[in-house]
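Scope of the values below: all heavy atoms of this structure, side chains included, with no hydrogens, waters or symmetry mates. Below, chains carry the letters A, B, ... as their sequence lines are ordered, and counting in each starts from 1. The shown structure was predicted, so the numbers you read here are calculated from the model rather than taken from an experiment.
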Protein chains: 2
Amino acid sequence: MLDFAVLGLLMERARHGYELKRALAELGFWKVSFGSLYPALRRLEKRGAIEAVSGTGRRKAYQVTDEGRAIFDSLLQADPDASETERAFQIRLAFLGHLPREHRVQVLEGRRTKLSTNLRSSREILIDARSNSQDQDRYRLALMEHAMRSTESDIAWLDGLVAAERGVASAN
Amino acid sequence: MLDFAVLGLLMERARHGYELKRALAELGFWKVSFGSLYPALRRLEKRGAIEAVSGTGRRKAYQVTDEGRAIFDSLLQADPDASETERAFQIRLAFLGHLPREHRVQVLEGRRTKLSTNLRSSREILIDARSNSQDQDRYRLALMEHAMRSTESDIAWLDGLVAAERGVASAN
DNA sequence: GAATGATGTATCGAAACGATATAGAAGGAT
DNA sequence: ATCCTTCTATATCGTTTCGATACATCATTC
């Protein structure tokens, strides 16, 4: 998945390692370490997805190859299975602009369905957690309740994104 | 950190691996894999923090030893440094009930400070992301904005928890 | 010109992940 | 009764990610 994110960022322009790390952090959801990033760059290079175009000083900028673009597209278009991580979804979302509209809506609604399911099971869990909890568990309950509210807000947000897509669609 | 979480759960009662996995998932923030969990159990066992008390059938229940309780306490009381993960904080929070009130408030406010700092830098990043973005980046901006709103809501939640602690304190 | 701090690449050991193998127990269908 | 599927449960394998640290270069400032 890191490979996917790196490819996506390199799609716009060549970047070197440090810059990629910063860009990933600025997306807000992933403070990737060098111990993840540099091996990832080497992996991608070995697969022929990216190539080094040495930059200023000791910088090593990388750019995507045609092969890399093909890999990125296939990763982007592969329909996300049910086991997709939170993070994997966020990466997919960050680059959703590269997909056609119908496909975008599909991804968003797939995610929405998953969150709704999660929410339902959380509700059940919470109900019987509440019924047999000690005072000590107060924070655990608070944590669960807050997580549920966050999920609800995520769902509302997804609905907003879908509505925006449809709005744009009808405006076209 | 997984070790910490496992110890915390075993503090209440003996549990076997599968049960621990379920319990961790039910806390809502971590779907730990067996490939993480079983090695963690073996680690803890080797350190003398837990011991197996074989249960029904092929189940292997574990219980904390005195040594384990000591380790748990020291992990709980160690003041969380700035580099503490989201997940690490959540684990700490889940077991915050084991700490005295003043210490609890301290942990909550430490977290609040960190989130506020993050929020400020996110705001700056977002401002110049907005100023030079293509239409393609629409989803990336949406992601950043949503992350910021989530953080704001987290902060408000933390404030609520602190207020509750103080409320309880004055009621006592 | 020396100290300091920001930038940048790199690597190491440990931890976590995701997939998969294996197998007993439970419950239902034929 | 026995077959079949599903759930429960432990375990391990190879890969990825993490966190810490080393180290080198450049810019600033004292």
Side-chain angles (χ1 to χ4, degrees), chain A residues 1-7 9 14-27 29-47 49-62 75 78 80-91 121, chain B residues 1-7 9 14-27 29-47 49-62 75 78 80-91 121:
Chain A
M1 268 305 138
L2 176 51
D3 301 44
F4 183 24
V6 167
L7 277 178
L9 287 173
R15 285 177 152 105
H16 55 90
Y18 207 85
E19 216 177 340
L20 284 166
K21 180 173 157 64
R22 210 180 328 113
L24 284 168
E26 288 182 358
L27 286 183
F29 53 86
W30 199 359
K31 285 181 182 162
V32 71
S33 68
F34 293 124
S36 310
L37 186 58
Y38 287 113
L41 286 172
R42 255 170 265 127
R43 264 197 313 273
L44 286 168
E45 205 173 11
K46 203 151 78 180
R47 287 175 67 188
I50 63 175
E51 56 190 7
V53 285
S54 103
T56 329
R58 69 204 170 291
R59 291 181 186 169
K60 261 201 284 183
Y62 293 89
L75 286 171
D81 68 331
S83 71
E84 196 183 53
T85 314
E86 165 83 3
R87 187 178 292 173
F89 169 72
Q90 286 177 323
I91 294 169
S121 76
Chain B
M1 267 306 137
L2 176 51
D3 300 43
F4 182 25
V6 166
L7 277 177
L9 286 173
R15 286 176 152 105
H16 54 89
Y18 206 85
E19 216 176 341
L20 284 166
K21 180 174 157 63
R22 211 181 325 113
L24 285 168
E26 287 181 0
L27 287 183
F29 53 86
W30 200 359
K31 286 181 182 164
V32 71
S33 69
F34 293 124
S36 310
L37 185 58
Y38 287 112
L41 287 172
R42 255 170 266 129
R43 260 194 320 269
L44 286 168
E45 204 172 14
K46 204 151 76 179
R47 285 176 67 187
I50 63 174
E51 57 191 5
V53 286
S54 103
T56 330
R58 68 202 171 294
R59 291 182 187 170
K60 263 200 285 184
Y62 293 90
L75 286 172
D81 68 330
S83 72
E84 197 183 54
T85 313
E86 164 84 4
R87 188 179 291 172
F89 168 73
Q90 286 177 321
I91 293 169
S121 75

I91(B) vs W30(B), side chain to side chain contact (heavy atoms under 4.5 Å, CB included): CA-CA, chis, key distance, verdict: CA-CA 10 Å; I91(B) 293 169; W30(B) 200 359; 3.5 Å; yes
Smallest separation among heavy atoms of L37(A) and V32(A), with atom names: N-CG2, 4.4 Å
Heavy-atom closest pair, residues K60(B) and H16(B): O-CB, 3.2 Å
Between P of dT9(C) and CZ of R22(A), the distance in whole Å: 10 Å
Rounded distance in Å - OH (Y62(A)) to P (dG8(C)): 14 Å
Residue-phosphate contact under 4.0 Å: R42(B) side-chain N/O, dA14(C) OP1/OP2: no
Interatomic distance, Y18(A) OH vs dA10(C) C1' [rounded to whole Å]: 14 Å
Whole angstrom value for the distance that separates C1' of dA15(C) from CD1 of I91(B): 13 Å
Touch class at under 4.0 angstrom, heavy-atom based, for R59(B) against every strand present: sugar-phosphate
Where chain A begins and ends its contact with DNA chain D, read 5' to 3' at 4.0 Å from heavy atoms: dT16(D) to dT25(D)
Closest non-hydrogen atom pair, L9(A) against A23(A): CD1-CB, 3.8 Å
Rounded interatomic separation in angstrom, taking CG from L2(A) and P from dC17(C): 16 Å
Whole-Å distance separating the CD atom of E86(A) from the P atom of dC17(C): 14 Å
Of T85(B) and H16(B), the one whose closest DNA chain D nucleotide lies more 5': H16(B)
Residue pair R15(A) / E19(A): nearest heavy atoms and the distance that separates them: CA-OE1, 3.7 Å
Derivation of the side chain to side chain contact (heavy atoms under 4.5 Å, CB included) call for R43(B) and D3(B): CA-CA 8 Å; R43(B) 260 194 320 269; D3(B) 300 43; 2.8 Å; yes
Residues in contact with DNA chain D, drawn from residues 30-41 of chain A - heavy-atom cutoff 4.0 Å: W30(A), V32(A), S33(A), G35(A), S36(A)
Smallest separation among heavy atoms of A5(A) and L24(A), with atom names: CB-CD2, 3.8 Å
Least distance between heavy atoms, K21(B) atom then S33(B) atom: NZ-CA, 4.3 Å
Point-to-point distance, once rounded to the nearest 0.5 Å, from CG of L41(A) to CZ of F34(A): 11.0 Å
